[in-house]
Amino acid sequence: MVVRKTGIRRPQAVRELVECLEEIYGKARRIARFDPMEELVSCILSQHTTDASSFPAFTKLRETYSTWEEIADADPADLAKTIQKAGLANQKAKSIIGCLKKIHEATGSYSLESLRHMPTMPARDWLMALPGVGPKTASIVLCFSFGRETIPVDTHVFRVAKRLGLLGEKDDENKAHNVLLEMVPKDLAFRFHLALIQHGRKICRAPLPNCRECPLTDRCAWFKVNAGVVKKQVRQARGGS
């Protein structure tokens, strides 16, 4: 895929982009699903799988073990059986146990509340030092449990941002977290995250976007290069060759 950088990277252009998407999908409200520890463990379970698999695994985990201490002291094989529906169960069991032990060692409790008084980027670095925690998981915990202006980059956010030209050809998902944080106005971070997720799910899908219904084609780097592909889609949809 070839894209070219556009003026959409300017703060005002990013704001206009988000407002344009919000006219379609509505303005997102931040609602905490879990407390910080629950969010962290839930995110680890969700890695490389779907919510339909990870949420039942998280529910079973909480039903099987009464406390975080019990999970930290659990046999990894037993924990893996409990969370097997989430996939990669052996790896995730080791990460969860490792996280809990490291958090307890650092704070004297099974709690992330100490992060509440820490600046955002040091807090993200602290979380990323935990086993199995990358920038996406750390950003989700800070965004949804602490109300911080981080931008979790999932597959939808990455794909849409890449096609729009907000990211460079060499920017991977990990690097994208910092690139987008520097580009997107802080007060817009959460709304940007949710707007791009909605757009990626409904219109800017993989492997090809539905550009015929997209309101962003006039500012989209991918569309400027691949307009011919879209025209072919339209002809085929109309029964042409």
Between T120 and E149, is a side-chain hydrogen bond (donor to acceptor under 3.5 Å, both in side chains) present by the stated rule, with each step listed?
CA-CA 8 Å; T120 297; E149 302 305 333; over 6 Å; no
Apply side-chain contact (heavy atoms from CB on, under 4.5 Å) to residues L21 and L196 and explain how you reach the verdict.
CA-CA 8 Å; L21 292 178; L196 263 64; 4.0 Å; yes
Is a donor on one side and an acceptor on the other found under 3.5 Å between the side chain of T150 and the backbone of S139?
yes
Keeping the roles fixed (side chain from R159, backbone from G200), state whether a donor-acceptor pair exists under 3.5 Å.
yes
Please round to the nearest 0.5 Å and tell me the distance separating atom CG of D35 and atom OG of S111.
8.0 Å
In Å, rounded to the nearest 0.5 Å, how long is the span from CE of M118 to CG of L142?
10.0 Å
Measuring from T107:OG1 to L112:CG, what's the distance to the nearest 0.5 Å?
7.5 Å
Between S42 (side chain) and E39 (backbone), is there a donor-acceptor pair under 3.5 Å?
no
With side chains defined as the heavy atoms from C-beta onward, is the minimum distance between C143 and R148 less than 4.5 Å?
no
Distance in Å, L100 CG paired with Y110 OH, rounded so as to fall on 0.5 Å steps
7.0 Å
If I compare all heavy atoms of H199 with all of L216, which pair ends up nearest, and what's the gap?
NE2-CD1, 3.9 Å
Does the distance from a Lys or Arg side-chain N to an Asp or Glu carboxylate O, for K162 and E169, drop under 4.0 Å?
no
What I'd like to find out is whether the side chain of C43 reaches to under 4.5 Å of the side chain of L40, using heavy atoms alone.
no
Would you say that R219 contacts C20 through its side chain, given a criterion of any heavy-atom pair below 4.5 Å between the two side chains?
yes
Do the side chain of K92 and the main chain of I83 share a donor and acceptor less than 3.5 angstrom apart?
no
Side-chain touch I103/W126, heavy atoms, less than 4.5 angstrom
yes
Taken to the nearest 0.5 Å, the spacing of W68 CH2 from I71 CD1 works out to 5.0 Å
Which heavy-atom pair separates S54 from A86 by the least distance, and what is that distance?
CA-CB, 4.3 Å
Is there a salt bridge (Lys or Arg N to Asp or Glu O under 4.0 Å) between E38 and R62 once you walk through the steps?
CA-CA 9 Å; E38 290 174 328; R62 296 298 274 158; 3.4 Å; yes
Would you say the side chain of R191 lies within less than 4.5 Å of the side chain of K27, judging by non-hydrogen atoms?
yes
Checking the side chain of H193 only, and the main-chain atoms of I151 only, is there a donor and an acceptor separated by less than 3.5 Å?
no
Between D171 (side chain) and L167 (backbone), is there a donor-acceptor pair under 3.5 Å?
no
Step-by-step ring-ring contact (aromatic ring centres under 6.0 Å, His included) determination, F58 to F34:
CA-CA 11 Å; F58 179 76; F34 304 120; 5.0 Å; yes
Partners meeting salt bridge (charged side-chain N to carboxylate O under 4.0 Å, His left out) with E213 (sequence neighbours left out):
none
Counting distance only, does the side-chain N/O of K224 pair as donor-acceptor with the main-chain N or O of D218 below 3.5 Å?
yes
Tell me whether K101 contacts the main-chain N or O of A72 through its side chain, where contact means a donor paired with an acceptor under 3.5 Å.
yes
Listed once per pair and sorted, the salt bridge (charged side-chain N to carboxylate O under 4.0 Å, His left out) pairs that draw on residues 195-211, sequence neighbours left out:
none
Answer whether the closest heavy-atom distance between the side chains of F146 and V141 falls below 4.5 Å.
yes
Is any side-chain heavy atom of P131 closer than 4.5 Å to one of K94?
no
If you measure from CH2 on W222 to OG1 on T217, what distance do you get to the nearest 0.5 Å?
11.5 Å
Give a yes or no on whether Q12 atom CD has more than 12 heavy-atom contacts from other residues, nucleotides or ligands under 6.0 Å away.
yes
Identify each donor-acceptor pair in which a side-chain atom of residues 176-190 lies under 3.5 Å from a protein atom, sequence neighbours left out, and give them as a table.
| residue | atom | partner | partner atom | Å |
| --- | --- | --- | --- | --- |
| H177 | ND1 | E173 | O | 2.9 |
| H177 | NE2 | K136 | N | 3.4 |
| H177 | NE2 | V153 | N | 3.0 |
| N178 | OD1 | R124 | NH1 | 3.2 |
| N178 | OD1 | R124 | NH2 | 2.7 |
| D187 | OD1 | R15 | NH2 | 3.1 |
| D187 | OD2 | R15 | NH1 | 3.2 |
| D187 | OD2 | R15 | NH2 | 3.4 |

Can any side-chain N or O of T82 pair as donor or acceptor with the backbone N or O of D78 at less than 3.5 Å?
yes
Output yes when R116 and E113 qualify as a salt bridge under the 4.0 Å nitrogen-oxygen rule, no when they do not.
yes
Are the side chains of I203 and P209 in contact, using a 4.5 Å heavy-atom criterion?
no
Keeping Q47 on the side-chain end and G132 on the backbone end, is there a donor-acceptor pair under 3.5 Å?
yes
